[in-house]
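Worksheet: the structure to be examined is printed underneath.
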Protein chains: 2
Amino acid sequence: MAEEAHGLGRHTRQRLQVTALLEETDEFRSAQRLHEMLRARGVPVGLTTVYRTLQILSDAGEVDVIRLPSGEHLYRRCGAGRHHHLVCRHCARTVEIPGPGVEQWARRIARQHGYVDVAQTLELFGTCADCAAQGRT
Amino acid sequence: MAEEAHGLGRHTRQRLQVTALLEETDEFRSAQRLHEMLRARGVPVGLTTVYRTLQILSDAGEVDVIRLPSGEHLYRRCGAGRHHHLVCRHCARTVEIPGPGVEQWARRIARQHGYVDVAQTLELFGTCADCAAQGRT
DNA sequence: CCAAGTTTCGGAAACGGTTGTCATTATAGT
DNA sequence: ACTATAATGACAACCGTTTCCGAAACTTGG
Ligand SMILES: [Zn+2]
Ligand SMILES: [Zn+2]
Ligand SMILES: [Zn+2]
Ligand SMILES: [Zn+2]
């Protein structure tokens, strides 16, 4: 029993804890922040393992990744289907934006210039209603 | 005389060499690559100075910067006005794409979800016609 | 032209997020 | 349980970038 037919490797205590934590929020969070949170609640997990688990999850399409201007990666458990992200730059609260429209536009633009096999990186950063109400610029 | 009214500091040999090199191409290039190229043509410039110069130029809006998935920054002397970039992932040859359409779309989406002060990151990566003809995947 | 003040240079060291190493430990099929 | 195999995690390495700081190069006033 407890068969692993999901392409994610073994069900270890640590991975279950990371995935459980990712289920709890709509915010994008960094590997280091997730690690801190797990340690804070008494889960003895190594930072390396958190990075490894997030790598596996993102390779499997189970989590989405965005990169801040600083270079750090943020991870989030998202809904199915391609989409972009509207992320609050203060609290990282995120709304999913359906993707097809922009993707079509990108493919058309690329073809017009002779480029093929186009990929896009599009993220939107803003200040969410709550953070704006609290006066955060 | 020869006063510097351009907000870029002094016209030193090194800065002139960096800007001159940037004028020579339509490709985005990394600081390290620019440094190598200058040394290769006998210009004795330090890597630190190349980084500093590129920082100054990008702050002044004289060059555009994009970031590769690996995290390294690429720099290019671009035309005036806001635009996005369609970049060949093999040779970094770049076409400028007018920006207003996407920006309008982004602002509208953001407002619909209560987000304000929206900023976007959009780059297109593809394979250019030449590189495709040479069989690069 | 000279001296004093200011800016820039550049080698070396630090930085920060991420990835590799490898001996130890946990998992899952039998 | 037993065993083969995969995962863990403390630590070190990595890599592009930034900071430090003494030396060198400009600029300015006299
Ligand atoms: Zn998502
Ligand atoms: Zn917010
Ligand atoms: Zn540009
Ligand atoms: Zn190309």
Side-chain angles (χ1 to χ4, degrees), chain A residues 1-21 28-60 62-76 92, chain B residues 1-21 28-60 62-76 92:
Chain A
M1 74 288 297
E3 174 57 37
E4 48 152 311
H6 41 63
L8 294 176
R10 292 180 178 172
H11 275 128
T12 66
R13 252 189 317 279
Q14 292 87 342
R15 290 185 188 171
L16 291 174
Q17 293 284 357
V18 172
T19 53
L21 183 50
F28 270 96
R29 292 199 274 228
S30 70
Q32 310 216 39
R33 172 113 185 273
L34 292 166
H35 177 242
E36 281 171 16
M37 293 177 74
L38 289 172
R39 301 293 287 240
R41 59 176 71 177
V43 179
V45 60
L47 180 55
T48 306
T49 297
V50 174
Y51 273 112
R52 235 184 336 234
T53 302
L54 291 170
Q55 186 64 60
I56 290 167
L57 289 173
S58 74
D59 286 351
E62 294 291 316
V63 301
D64 283 357
V65 188
I66 61 176
R67 272 171 45 255
L68 294 184
S70 71
E72 68 184 341
H73 294 179
L74 304 185
Y75 304 85
R76 179 181 189 262
Chain B
M1 72 287 305
E3 179 52 39
E4 41 152 312
H6 41 62
L8 296 176
R10 293 180 178 168
H11 278 312
T12 66
R13 251 190 320 283
Q14 293 88 342
R15 291 184 188 172
L16 290 172
Q17 293 284 356
V18 172
T19 53
L21 183 50
F28 270 96
R29 292 198 276 228
S30 71
Q32 310 217 36
R33 172 113 183 271
L34 292 166
H35 177 242
E36 281 171 17
M37 294 177 74
L38 288 172
R39 301 294 287 241
R41 59 177 68 175
V43 179
V45 61
L47 179 56
T48 303
T49 297
V50 174
Y51 273 112
R52 228 179 346 230
T53 302
L54 291 170
Q55 187 64 62
I56 290 167
L57 289 172
S58 73
D59 286 351
E62 294 292 315
V63 301
D64 282 358
V65 188
I66 61 176
R67 272 169 49 254
L68 294 184
S70 70
E72 69 185 340
H73 296 181
L74 304 185
Y75 304 84
R76 179 181 188 262

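Owing to the predicted nature of the structure, the values given are computational and were not obtained by experimental measurement. Proteins get letters first, then strands, A, B, ... in listed order; numbering begins at 1 in each.
Of the residues B:Val45, B:Leu38, B:Thr53, the one that meets the side-chain contact (heavy atoms from CB on, under 4.5 Å) test with B:Gln17 is B:Leu38. With A:Leu34 as the partner, the side-chain contact (heavy atoms from CB on, under 4.5 Å) test is satisfied by one option alone out of A:Leu54, A:Leu47, A:Leu74: A:Leu54.
The separation between A:Arg29 atom CZ and C:dG17 atom P is 17 Å, rounded to whole Å. The interatomic distance linking B:His11 (NE2) with C:dT7 (P) rounds to 17 Å, in whole Å. Between the P atom of C:dG17 and the CD atom of A:Glu36 lies a distance of 10 Å, rounded to the nearest Å. Computed from coordinates, the B:His35 NE2 to C:dG10 P distance equals 8 Å when rounded to whole Å. Rounding to whole angstrom units, CG of residue B:Leu8 and C1' of C:dT8 are separated by 14 Å. With rounding to whole Å, B:Leu16 atom CG is found 13 Å from C:dT8 atom P. Following rounding to the nearest Å, A:Gln17 (CD) and D:dT8 (P) show an atom-to-atom distance of 12 Å. Atom CD of A:Gln14 and atom P of D:dT8 are 5 Å apart (whole Å).
Nucleic acid contact class of A:Thr12 (heavy atoms, under 4.0 Å, all strands): sugar-phosphate only. Nucleic acid contact for B:Arg13: sugar-phosphate only, since backbone atoms but no base atoms lie under 4.0 Å from a heavy atom of the residue.
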Yes or no on side chain to side chain contact (heavy atoms under 4.5 Å, CB included) for A:His73 and A:Phe28, after CA distance, side-chain angles and deciding distance? CA-CA 9 Å; A:His73 294 179; A:Phe28 270 96; over 6 Å; no
Close N or O pairs between protein and nucleotides 12-19 of chain D (under 3.5 Å):
from	atom 1	to	atom 2	distance (Å)
D:dG16	OP2	B:Gln32	NE2	3.4
D:dG16	O5'	B:Gln32	NE2	3.3
D:dT17	OP1	B:His73	N	2.6
D:dT17	OP2	B:Tyr51	OH	2.7

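Counting heavy atoms from C-beta on, the side chains of B:Thr19 and B:Glu62 never come closer than 4.5 Å.
The side chain of A:Arg15 contributes an N or O atom lying less than 4.0 Å from OP1 or OP2 of D:dA7.
Considering all non-hydrogen atoms of both residues, B:Ser58 and B:Val65 come closest at CB-CG2, 3.7 Å.
Surrounding CZ of B:Arg41 are more than 12 heavy atoms belonging to other residues, nucleotides or ligands, all under 6.0 Å away.
Between the side chain of A:Arg15 and the backbone N or O of A:Leu8 there is at least one donor-acceptor pair closer than 3.5 Å.
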